[in-house]
Every structure is written in C-alpha cells, then in structure tokens.
There are 2 protein chains.
Amino acid sequence: MFIVLLKKIGERYGVMHDFPERIPIFVENDFIHQEVGKILIESSCRRQYSPGEVIVVEGTDRRILLSIISGYVSLERKLKNEDSVIFDFSGPGAFIGFVELDFYTFTARCLSRVDLFIIPASTMKNLMANYLPIRNFIMKKMSQRIAHLNDHVALLARARARQRLALFLLERRWSGINYDRESREITLPMSRTDIANNLGLTQETVSRIFRDFEKEKIISIKNHNWIIMENIESLTMISSWPSTKLSN
Amino acid sequence: MFIVLLKKIGERYGVMHDFPERIPIFVENDFIHQEVGKILIESSCRRQYSPGEVIVVEGTDRRILLSIISGYVSLERKLKNEDSVIFDFSGPGAFIGFVELDFYTFTARCLSRVDLFIIPASTMKNLMANYLPIRNFIMKKMSQRIAHLNDHVALLARARARQRLALFLLERRWSGINYDRESREITLPMSRTDIANNLGLTQETVSRIFRDFEKEKIISIKNHNWIIMENIESLTMISSWPSTKLSN
DNA sequence: CGATCCCTTGATATCTGTCAAGGGTTGTGG
DNA sequence: CCACAACCCTTGACAGATATCAAGGGATCG
C-alpha cells in the first residue's frame with residue numbers, strides 16, 4: 001500500500017491528538033493494489049487550501065477528484081435563501097468527487113487548513129476502465145454513500161433535535177481517521193451553523209441542546225471545537241429510535 | 001432494444017391512462033445492448049405480487065434484483081417506533097437493488113398489484129464483470145440515486161410542509177414512465193401515510209395541505225389517488241426555494 | 001350490513017424557528 | 001500591550017408550524 005507523509009493538523013482548531021506522521025492513503029479497509037495507488041499518486045498533484053476556500057462548485061464539470069490528507073471539508077449546497085444544506089463533512093482519508101459522474105452535486109468548502117491530492121478525472125476514468133480493483137473501490141464508495149444518505153434521510157425525516165445531535169456526536173466519534181476508537185473526545189472542525197445546516201436545524205437550537213447535554217452531564221464542552229462525551233450510554237439512549245415521539 | 005409486453009395497470013387505483021401495450025424494458029435513455037438485454041431477460045423470471053406484499057427486506061442478503069414492469073413499490077425502512085421512512089417510490093421501468101452491493105438497504109413493499117422481473121444478483125455480477133455498457137449503466141444509476149438523495153436531504157432539512165408537498169406533486173409528474181409530460185393529472189398509488197413517511201410529515205398534515213391547495217384552486221382532488229394540478233405556476237412558486245422562511 | 005382501512009377535520013400542545021441582545025475569542029493595528 | 005472590530009456562540013422571549021390526540025366520515029370488501 002502506498003504511504004504518504006501527513007502534516008500535523010490543528011493550528012487553528014484546538015486539537016488534542018496529533019495525527020501520526022504516516023498514514024496509508026487508502027484507508028477504511030479499501031485495499032487498492034500498490035501499483036495502482038502509485039499511478040494515482042504520480043498523476044496527481046498536491047495542494048493546500050485555507051479555511052473558507054471553496055475547492056469545487058456544485059453544478060460545474062467534474063474535472064478533478066480529491067483525496068484529503070489533512071483538514072476538514074464540508075460538502076454543501078447553497079439554497080437561494082442564503083442558507084445552505086451540508087450533506088456531509090469529510091476529513092483525512094476521504095475521497096471527494098469519486099461518486100459523481102458528470103458534474104459535482106455539491107460545493108466543497110474548507111473548514112480548516114486543508115492538504116489534499118488532486119487527481120484528474122480523466123486519469124481516474126482510465127484507471128477505472130482498466131483496473132478491476134479501482135472499479136470495485138468506486139462502486140463500494142458509491143454504495144456506502146447511498147447507505148449513509150439513507151440514514152441521513154431517516155434522521156431528517158423522523159428524529160427530533162436532541163436525537164439528531166446525539167446521533168451526530170456518536171457518528172463524529174467514528175468519522176475520519178480515528179486512531180483511538182475508545183476515545184470519548186471529539187473535535188468539531190465545523191461551526192454551530194455548519195452543524196445546524198447538516199442536521200436541518202438552526203445554530204441557536206444546536207447551541208441550546210449542547211448546553212442542555214452539558215447540564216445533564218452527558219457531555220463537557222471544553223471549547224467550541226472540543227467536546228468530551230461523559231456519558232455515552234445516555235447519548236446512545238437519546239439517539240436510539242423509539243425516542244421520536246414528542247412525549248418521550 | 002428488447003421489448004416486453006406490459007400488462008395494463010390500475011384495477012385497484014382509479015387510473016386515467018392506460019399504459020401502451022409495449023414498452024422497452026430499459027428506459028430513461030439508458031441504452032443497453034440488445035444482446036445483453038436478452039441475456040438479462042433470459043436469466044430472469046417474472047412474478048406478480050399483491051398490494052402490501054413485501055418483496056425484499058432491509059438488511060438481508062442481496063440475492064435478487066428487480067425490474068418493475070407495472071405497478072408501484074415503496075422503498076422504506078421500518079423504525080423501532082412503529083413508524084417508518086420511505087426513501088422512494090418506484091414505478092414501471094424502475095430498477096431495484098441494482099445500487100446496493102451486499103445487502104438491501106431498504107424494504108420493498110408493494111403499493112399496488114405489481115408485475116416484475118426477478119434477476120439473480122449473481123447473473124448481474126457476471127454481466128457487470130464482462131459488459132462495459134452494463135457497468136456504466138449501473139454506475140449511472142448509482143450516481144443518479146445519490147443526486148436524488150441529495151435533493152431529498154435538502155428538502156427534508158430546509159423545506160416547510162407546503163414546499164415539500166409542492167415539490168412532491170411536481171416530481172410525481174415526471175416520475176416513472178410518463179407518456180404525456182404535459183399532463184396535469186397525477187396518480188398517487190400511495191396512501192397519505194406513505195406520502196407523510198416520504199416527506200417527514202404526518203398524514204394529518206399531508207391531508208390538510210392537500211385541502212388547502214384545493215381551496216386555493218391549485219389542485220383538484222378527484223379521489224384519494226387522482227389529483228389534477230390546476231395551477232402549476234403557483235405550485236412551482238410554492239416549491240421554489242426562497243420560500244423556506246416562516247414569514248413567507 | 002358490519003368491519004376495516006384510510007382520509008378528514010378540529011382542538012390543543014409543544015418543539016423549534018425567529019428576532020434580538022449580549023458575551024467570548026481571535027486577529028489587527030496603533 | 002491595549003483597543004477595536006469581526007466573527008461566532010449563547011441566552012431569552014416569543015411566535016408559529018406541525019405533531020398529537022380525538023372523533024367522525026367515506027369507500028371497499030367480505
């Protein structure tokens with residue numbers, strides 16, 4: 001498997017862990033043949049972005065694919081309203097744009113300083129035509145994305161605000177490259193507004209519910225971007241599904 | 001292109017159009033090589049289901065794929081709550097289960113009498129390995145599904161009830177095989193509860209808003225399953241995005 | 001003709017959005 | 001090193017949309 005150097009992240013957002021210096025570029029059990037990985041890296045370039053920068057814009061031609069090395073990105077859609085919907089947050093190890101065919105279905109905006117590989121879509125197309133593992137890899141990614149979107153639809157359709165935030169926090173625990181799956185600490189590289197736009201709420205509601213959770217000793221809020229889950233059992237209970245009804 | 005006979009639908013739900021006798025099995029501009037289509041049909045069997053019957057269950061192994069000839073199916077997830085979320089409604093021409101890899105991410109339930117082809121997943125796998133057009137077809141389907149789910153996430157996250165229903169009605173117009181794209185008539189093979197579960201609302205709200213639309217002369221409700229859009233411009237205005245705010 | 005299922009309508013409760021004001025933190029410039 | 005601005009977060013009061021609860025109506029089926 002191809003290995004790349006990884007910059008340490010977290011100048012801007014108070015981070016407690018330093019990431020290790022080396023990580024495999026293809027993570028999450030998605031094994032790709034070493035040779036193919038090499039081709040992919042050799043035909044790609046590396047670039048850094050600053051917080052707030054937009055990398056790709058919804059609706060434009062899909063010319064490049066991204067592989068995040070460090071930092072966090074939001075995949076979102078701006079509505080005519082001035083407010084927006086965030087489909088997902090992507091962190092180190094994520095692949096962006098692999099799942100679309102002709103044009104981007106989202107706008108990618110940097111939440112922090114971001115370091116990534118840019119892979120030309122044409123390269124990927126050639127690789128996909130010729131290498132079965134790459135093809136399977138992409139199809140698996142697409143399939144996972146659909147499963148995840150189904151979950152998110154269920155969340156938005158039937159979960160109340162507390163349940164949405166509990167699910168959000170629990171999912172954050174597992175998202176991206178997490179080297180300590182038993183950790184109770186979560187970094188939130190995104191703002192309250194971003195969380196609200198992801199969960200179909202407002203920033204005020206997000207803020208209030210975080211405070212409620214803190215009062216109930218379910219979480220500790222160290223700062224805006226750093227939360228400790230003090231009582232994961234409670235969070236799990238709040239997140240679990242019979243709690244939809246107003247009465248609960 | 002391979003052609004199959006199509007049964008007329010609509011014994012149960014008052015339908016105004018009879019579908020033509022012959023339709024191509026692969027529709028929506030998804031051209032598949034005739035030979036491949038033939039292989040697909042030859043290795044599949046045809047079956048009928050009654051309203052309410054469950055064809056595949058969420059979480060079980062993906063053994064069969066479905067191609068709907070006539071009738072309507074809901075793709076849904078039962079929550080522990082007793083209520084459920086409907087991801088999508090599928091009608092004639094739809095492909096079900098093509099987008100998943102290992103197991104079903106939904107339960108498929110018949111809304112009406114359904115006539116369909118059952119294709120073994122193993123057959124599809126072989127075809128995909130050997131035929132580029134099939135592969136492209138599946139990837140395109142997956143990509144479309146992701147785009148559609150993104151739209152639905154945006155709807156659930158940021159649209160109010162009236163807007164959701166306007167979007168729903170406008171989308172119904174184009175869904176499935178629609179031979180008269182200028183038609184103002186819509187059939188609703190699903191119940192109010194099903195619509196509510198699709199849009200993240202309750203049946204009461206759906207019912208009330210339909211009545212409101214009727215009072216405002218935007219639609220006429222012929223019966224539960226038959227609606228005429230009297231004022232598509234108004235519907236479009238209600239559905240368009242600046243109307244999210246409560247004040248509007 | 002009753003049973004069942006779904007739809008409709010009304011009264012009420014409650015969640016969460018909206019509006020508004022203030023606080024904390026970060027960054028910049030004197 | 002301090003002042004100020006900008007940005008985001010927090011908190012409160014209030015309003016309004018929609019869920020809940022309840023009762024009744026209409027169609028379909030045996």
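Lettering of chains follows the sequences in order, A, B, ..., and the numbering in each one begins at 1.
Note: CZ (Arg162(B)) to P (dA19(D)) measures 15 Å, nearest angstrom. For the pair Gln163(B) CD and dG16(D) C1', the interatomic distance rounds to 17 Å; values are reported in whole Å. Atom CG of Asn197(B) is separated from atom C1' of dA19(D) by 13 Å (rounded to the nearest Å). The distance between atom NZ of Lys215(A) and atom P of dT10(D), rounded to the nearest whole Å, is 11 Å. Between the CG atom of Leu156(B) and the C1' atom of dT16(C) there is a distance of 17 Å, rounded to whole Å. In this structure, Arg211(B) atom CZ and dC7(C) atom C1' are separated by 8 Å, rounded to whole Å. Atom-to-atom, CZ of Arg192(B) to C1' of dG25(D) comes out at 15 Å; the value is rounded to the nearest Å. One interatomic measurement links the two molecules: CD1 of Ile221(A) to C1' of dC9(D), which rounds to 10 Å at whole-angstrom precision.
Under the 3.5 Å distance criterion, the side-chain polar atoms of Arg158(B) are left unmatched by any main-chain donor or acceptor of Asp83(A).
With distances taken from any side-chain atom of His224(A) to the nucleotides dC9(D), dC7(C), dG17(C), the minimum falls on dC9(D).
Separation of the Phe210(A) and Phe213(A) ring centroids does not fall under the 6.0 Å cut-off.
Taking only side-chain nitrogens and oxygens, Thr193(A) comes nearer than 4.0 Å to OP1 or OP2 of dC9(D).
Gly200(B) comes within 4.0 angstrom of sugar-phosphate atoms only, judged by non-hydrogen atoms across all strands, and of no base.
Looking at Arg172(B) and Met190(B), their side chains come closer than 4.5 Å, going by heavy atoms from C-beta outward. In this structure, the side chains of Phe106(B) and Ile96(B) come closer than 4.5 Å at one or more pairs of heavy atoms.
In this structure, Arg164(A) forms no cation-pi arrangement with Phe168(A), as its terminal cationic atom is not both closer than 6.0 Å to the ring centre and no more than 45° off the ring axis.
Arg208(A) is linked by a salt bridge (charged side-chain N to carboxylate O under 4.0 Å, His left out) to nothing, counting only residues two or more places apart in sequence or in another chain.
Distance check: Ile227(A) CD1 to Glu185(A) CD gives 11.5 Å after rounding to the nearest 0.5 Å.
The stretch residues 201-210 of chain B touches DNA chain C through Gln203(B), Glu204(B), Ser207(B), Arg208(B), each having a heavy atom under 4.0 angstrom from the strand.
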